[in-house]
2 protein chains.
Amino acid sequence: MKEESVNVSEATILDAARAVFTEKGMAGARMQEIADRAGINKAMLHYYFRSKEKLFDRVFQEAFQQFWPKIETQLNADMNPKLLIKGIIESYVELFLEKPYLPNFIISELTRDPERIEKLMQKSGVAPIQLVRYVKHQMEKGVIVEMDPRELFINVIALCIFPFAARPLISRIIWENDQDSYTAFLKRRKESVFQFIENIIFND
Amino acid sequence: MKEESVNVSEATILDAARAVFTEKGMAGARMQEIADRAGINKAMLHYYFRSKEKLFDRVFQEAFQQFWPKIETQLNADMNPKLLIKGIIESYVELFLEKPYLPNFIISELTRDPERIEKLMQKSGVAPIQLVRYVKHQMEKGVIVEMDPRELFINVIALCIFPFAARPLISRIIWENDQDSYTAFLKRRKESVFQFIENIIFND
DNA sequence: GTCTATAAAAGGATAGAC
DNA sequence: GTCTATCCTTTTATAGAC
């Protein structure tokens, strides 16, 4: 049993890579910086992952799987729609509270290279399609107000994501750089988003 | 009077630079590609703008001024609040229909380098603060439902921006890559965003 | 103002010793 | 597995002729 650290694990490298890639983006990231943060040298990076591209792919794929969530796990036909929507909002906001870098990272890297989506879609299922079908059903029953279910989905997600994605802009300008206060605002989002839309979408 | 083109104007370079910077970002952009699109060589870029950094600053500043809008121009105390909100939504959606790259460009570059905001704020006024004051007044009068005016502002902007910012993601997955249909959806946003929130925020 | 040529530096990747 | 040294390409930036 050695006292000092043994192998550089993949996990150590991935942690460092995630930090650098999410902060600087694929194009702005430097292999040197990743190596430094992982406490190793560049050669080791290429030993574990053959290239910058492959390392990025790995990091991005893991991020996308978290971002593109497991909505269908909560989904079955006789569920309370209010609780369902509330649940979606809560799990999204909680995710972004924990990993605030996710929204921007996903969106901006997909904007630069949209082809990437095709690769990813095979790995993770297409949950929202089922969700759309469920919501449509609830609309026909008169529980939810009639509208394009996709539009409803986008509106909910928009309200969840935007305050995290645009934090540097909003917190500095609208919150006058009071970061503590802005963090508190984000924590309240789980309730406030639902409260905001509750009266629009449900025919009580 | 010559037939063929005369000087390479600053404007020609800026057009090319805007195209490349907004597509690839600061880190991913290449001076060579900007030169090619402008129909000149790299040396000319450095002749007009001393460095990549300075060229980017110019492009970004112009983008930010469009993005950070002239809300206060529409603002006076006895205005109809419904029309005001409607007007804000319309001018934002119209802006993004015309320049879809703006949201991502601004947000992702500010995320990478938040310090940049300080420089920019001096150049363009801080309109939304006035807006917040106006909305607060309308709430006290009972015209608009009581809530944090900043939250209302963010929610409205979120609904306007997100479908443009996340287009690659949403159009491919939720719209199953039917780009025409998604474009039509975006064009309808001027009306649909207002319609969505109208019943929440106004005590009719 | 515009070009060619080139400097100077950075960054990704590999060879080879241990 | 881990390191040092090095290769090779890309990229920003400048010098200098016209």
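Owing to the predicted nature of the structure, the values given are computational and were not obtained by experimental measurement. The chains referred to below are lettered A, B, ... by the order of the sequence lines, with proteins before strands, and numbering in each begins at 1.
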Indicate whether OP1 or OP2 belonging to D:dT14 is found under 4.0 Å from a side-chain N or O atom of B:Tyr47. no
Which is true for B:Phe49 with a 4.0 Å heavy-atom rule: it touches a base, it touches only sugar-phosphate, or it touches nothing? nothing
Distance to the ring centre below 6.0 angstrom and angle to the axis at most 45 degrees; does that hold for A:Lys86 and A:Phe194? yes
Would you kindly give the CE-to-C1' distance between A:Met44 and C:dT14, to the nearest whole Å? 14 Å
B:Asp36 CG to D:dT11 P, in whole Å, measures 12 Å
Kindly give the atom pairs (protein nitrogen or oxygen, nucleotide nitrogen or oxygen) under 3.5 Å for nucleotides 4-11 of chain C.
from, atom 1, to, atom 2, distance (Å)
C:dG11, OP1, A:Arg30, NE, 2.7

Using whole Å, what does the distance between atom C1' of nucleotide D:dT4 and atom CD of A:Gln32 come to? 13 Å
Tell me the interatomic distance from A:Leu45, atom CG, to C:dG12, atom C1', rounded to whole angstroms. 11 Å
Any donor-acceptor pair under 3.5 Å linking the side-chain atoms of B:Thr111 with those of B:Ser108? no
Going by distance alone, is a donor N or O of one side chain under 3.5 Å from an acceptor N or O of the other, for A:Arg167 and A:Gln179? yes
Answer yes or no: does a side-chain N or O of B:His46 lie under 4.0 Å from OP1 or OP2 of D:dA13? yes
In this structure, how many angstroms lie between the P atom of C:dA13 and the OH atom of A:Tyr48, rounded? 18 Å
Within less than 4.0 Å of OP1 or OP2 of D:dT14, is there a side-chain N or O belonging to B:Arg50? yes
Taking only Lys NZ, Arg NE, NH1 and NH2, and the carboxylate oxygens of Asp or Glu, determine whether A:Lys136 and A:Glu140 approach each other closer than 4.0 Å. no
By side-chain contact (heavy atoms from CB on, under 4.5 Å), which residues pair with B:Asp57, not counting sequence neighbours? B:Glu53, B:Arg116, B:Lys119
Could you check whether the rings of A:Phe64 and A:Trp68 sit parallel, tilted or perpendicular, using 30° and 60° as the cut-offs? parallel
